[in-house]
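When a ligand or atom number is given, it counts from 1 through the structure's own listing order. Note: hydrogens, waters and symmetry copies are ignored here, and every other heavy atom, side chains too, is used.
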Amino acid sequence: MLETNIQYLKGVGPKRALLFNKLGIASVRDLLYYPPRRYLDRSLIKNIHDIRVGENITVFGQVSDKGLVHTRRNFTIFNLLVSDDTGYLLCKWFNQPYLKDRFQIGDRIVVSGQVLSDHGLSMSNPEYELLDSEDAELIHTGRIVPLHPATSGLSAKQIRQVIKSAMEGYLDEIAEPLPPELIEAKSLMGIRQAIAQLHFPETPEILEQAHRRLAFEELLYLELILLLKKNSLQKQRVGARVKSSDWRNNFSSILPFRLTDAQIRVIGEITTDLGQARPMHRLLQGDVGSGKTIVALAAIIQAVRGGTQASLMAPTELLAEQHYNSLRPWLDRLGIVSALLTSKIKNKGRIAINQGLSDGRVNVCMGTQALIQESVVFSNLGLAIIDEQHRFGVSQRAALRFKGKYPHTLVMTATPIPRTLAMTVYGDLDLSTIDQMPQGRQSITTKWTAEANRSKVYDFIEQQIGQGRQAYVVYPVIEESDKTELKAAIKMHRTLSQDIFNERRVGLMHGQLSTEDRQAVMEDFRNHAIDILVSTTVIEVGIDVPNANIMFIEHAERFGLSQLHQLRGRVGRGSHKSYCILMAGPKLTPEARQRLDTMQSMSDGFKIAEKDLELRGPGEFWSTRQHGLPQLKIADLARDVALIAPAREEAKRILAGDPDLSQKQHLGIKTGLHAFHPEADKFTATG
Ligand code: ADP
Ligand code: MG
């Protein structure tokens with residue numbers, strides 16, 4: 001049985017089983033589905049005569065001589081002379097004296113490793129295997145060798161050995177979960193072959209096929225979960241119906257500019273959703289500066305005129321405050337009562353807001369995560385908007401939903417992601433995209449540079465400030481709690497304010513300041529009481545000061561592409577020509593250099609996101625866990641991006657004919673789905 005406890009496998013036992021448990025492996029099934037982290041190619045086999053220094057090769061030969069040498073301080077070298085018909089190769093192992101009893105003269109042996117030059121050809125600590133019979137199968141040498149993630153006390157070699165024996169006993173028990181038609185239609189490898197090749201591939205090409213098969217299956221499960229979740233959301237009914245006919249006049253009366261076509265389109269999509277009895281679950285995606293806030297305002301007015309309350313949650317206090325400051329004047333003009341709720345608002349202030357929300361006097365509440373605290377009760381929440389959604393976990397999203405009995409939800413993000421990925425990362429949401437910038441936006445000139453040009457950069461900033469502009473100087477403090485990094489930012493501020501720009505007003509902003517102080521600094525910058533704002537990345541999201549036209553980023557190599565793009569989006573918001581200057585540190589990796597080049601040559605957030613995906617490969621941002629999705633074991637959203645759309649199509653097709661996977665031919669998929677994600681029960685148990 002595949003569920004057999006790992007401890008009963010040959011070579012495991014109770015003690016070693018604990019080490020396997022550490023790796024998340026409890027059963028034989030877990031073991032067989034435990035993918036290697038990478039592979040070593042030891043498949044290049046050569047005659048000793050043909051090998052060259054530096055090559056990574058495998059040699060088949062026999063033991064010609066052996067000897068243990070004791071050097072000073074209990075240090076040993078075990079020498080083994082391996083020969084074939086064409087020559088001799090000296091193999092050395094350091095501090096493994098027990099090896100001397102493992103080999104006999106005349107034994108047939110295979111060694112793999114890098115060829116060194118040491119009084120002739122040699123290898124140091126090569127991988128070896130003894131060939132005891134003619135048809136013995138190699139698992140550590142002479143082939144593409146898997147390296148499974150190991151742990152202290154359990155090496156990759158030991159894991160490999162155990163997997164090999166598990167395969168001998170249990171591979172045939174693995175049942176094919178996918179229906180034969182699907183296997184054929186997609187030209188997929190069968191499950192047993194795929195598992196076998198995953199661990200012990202014959203060639204890189206076959207390994208690729210095995211990976212494709214397993215990744216496709218896993219992505220199929222992921223897409224099934226997302227679609228099932230979406231389908232179940234569609235069965236919900238909103239707690240408070242939004243019925244508004246007069247909101248348009250309200251909205252046009254306060255509109256300060258002409259909407260872009262894209263804004264008009266997405267407002268239309270949202271308006272349609274808000275009229276429905278089933279709750280909206282929509283993602284509004286739009287590059288920095290594309291004008292998402294006004295779209296949110298249109299939705300808020302509809303919700304309030306439709307007789308319900310609305311909330312707007314932002315990831316930082318700074319952003320919540322800014323939303324409040326910019327939306328409030330408009331809302332006031334329409335007689336809509338709004339409030340700001342953050343963790344800094346305490347005691348009486350908080351009691352008053354809570355009261356207003358529960359008795360319905362407050363129509364719109366903006367704030368931070370303070371909004372989802374238990375004490376906050378809305379009398380009639382009809383619309384929950386979440387800004388910069390990528391900063392929130394899925395559970396926080398869900399918590400806000402339940403503040404109303406299924407309010408409409410709109411999540412907004414300025415982190416564009418390629419379309420295929422958006423479908424998955426936000427797979428349970430409908431997608432609206434603002435793919436157009438407001439008219440008259442100046443393009444931003446971006447340049448990356450090095451320390452040698454620092455004074456030129458300062459001169460340039462000085463000149464722009466002389467013309468009445470303002471500048472951001474961003475210092476990378478990745479962890480706001482990191483004292484040393486913060487100190488560096490503060491020191492930077494001192495240098496700039498006292499030595500470099502001593503005629504100018506230089507402000508400082510970081511995550512450790514109190515809300516009042518931060519608000520004051522931000523207010524000063526907005527009112528042009530500050531010329532240069534030195535800041536950590538707390539200004540990253542959403543900040544809007546049109547007169548600022550320079551974004552100067554220190555140690556730009558430490559930031560990811562998406563983050564750099566976000567920061568750059570702080571400028572280019574007014575009518576002035578804007579600049580983004582990236583100061584690179586002295587040691588640049590090739591990837592960092594490519595990131596900086598990309599920033600210099602690209603401005604479209606969606607294209608940058610694609611580049612980010614490409615450069616970063618299997619990276620942090622693109623992991624499913626980052627987005628609150630089930631973790632993937634084999635597939636990788638970045639590497640396997642081409643499989644996502646076909647997997648989704650297939651998932652749709654399956655559910656269209658069999659919404660709860662109850663048909664016989666889908667039994668295997670259903671079982672696999674439950675193994676993939678325990679929550680699957682919630683969606684397939686009914687019906
Ligand atoms: P983001 O999508 O990054 O949240 P904002 O909503 O903050 O962008 O908008 C950025 C700036 O563009 C704001 O100053 C906003 O008033 C302005 N803006 C938005 N839409 C338009 C438009 N259609 N025409 C002109 N300016 C606009
Ligand atoms: Mg915004």
Review point. Under 3.5 Å, is there a donor-acceptor pair between the side chain of Asp612 and the main chain of Ile608?
Key: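 Absent.
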
Check your understanding: Donor-acceptor pair, Arg265 side chain versus Ile434 backbone, under 3.5 Å?
Key ->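 Pair absent, no side-chain N/O of Arg265 close to backbone of Ile434.
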
Review point. So which bit of Thr293 gets within less than 4.0 Å of ligand 1, heavy atoms only: side chain, backbone, both or neither?
Key: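 Both backbone and side chain.
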
Practice item. Of the side chain and backbone of Met412, name the one, both, or neither that has a heavy atom under 4.0 Å from an atom of ligand 1. Key: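 No part of Met412 comes within reach of ligand 1.
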
Check your understanding: Salt bridge between Asp273 and Arg278, side-chain N to carboxylate O under 4.0 Å?
Key ->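 Between Arg278 and Asp273 there is no salt bridge, as every charged N stays at least 4.0 Å from the carboxylate O atoms.
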
Practice item. Give a yes or no on whether a salt bridge exists between Asp597 and Lys611, defined as a side-chain N under 4.0 angstrom from a carboxylate O. Key: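 Judged by the 4.0 Å cut-off on N to carboxylate O distance, Asp597 and Lys611 do not form a salt bridge.
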
Review point. Do any nitrogen or oxygen atoms of Ile294 come within less than 3.5 Å of a nitrogen or oxygen of ligand 1?
Key: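 No, since none of the N or O atoms of Ile294 sits under 3.5 Å from an N or O of ligand 1.
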
Practice item. Give yes if a backbone or side-chain nitrogen or oxygen of Gly289 is under 3.5 Å from a nitrogen or oxygen of ligand 1, and no if not. Key: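 Indeed, backbone or side chain, Gly289 has an N or O that close.
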
Review point. Can Ser290 be said to touch ligand 1, with heavy atoms closer than 4.0 Å?
Key: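 A heavy atom of Ser290 does come that close to ligand 1.
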
Against heavy atoms of [X], which atoms of ligand 1 measure under 4.0 Å?
X      : answer
Thr260 : 23 (N)
Leu259 : 23 (N)
Arg258 : 22 (C), 23 (N), 24 (N)
Pro438 : 20 (N), 21 (C), 22 (C), 24 (N), 25 (C), 26 (N), 27 (C)

Exercise for review: Compute the centroid of each ring, for Phe552 and then for Tyr579, and state whether the two points are separated by less than 6.0 Å.
Suggested key: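 No, they do not, as the ring centres are separated by 6.0 Å or more.
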
Practice item. Evaluate whether atom CD of Glu503 has more than 12 neighbouring non-hydrogen atoms of other residues, nucleotides or ligands under 6.0 angstrom away. Key: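 Not buried by this count: 12 neighbours or fewer within 6.0 Å.
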
Check your understanding: Are Gln470 and Asn547 close enough that a side-chain donor and a side-chain acceptor fall under 3.5 Å?
Key ->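 Yes, a side-chain donor-acceptor pair sits under 3.5 Å.
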
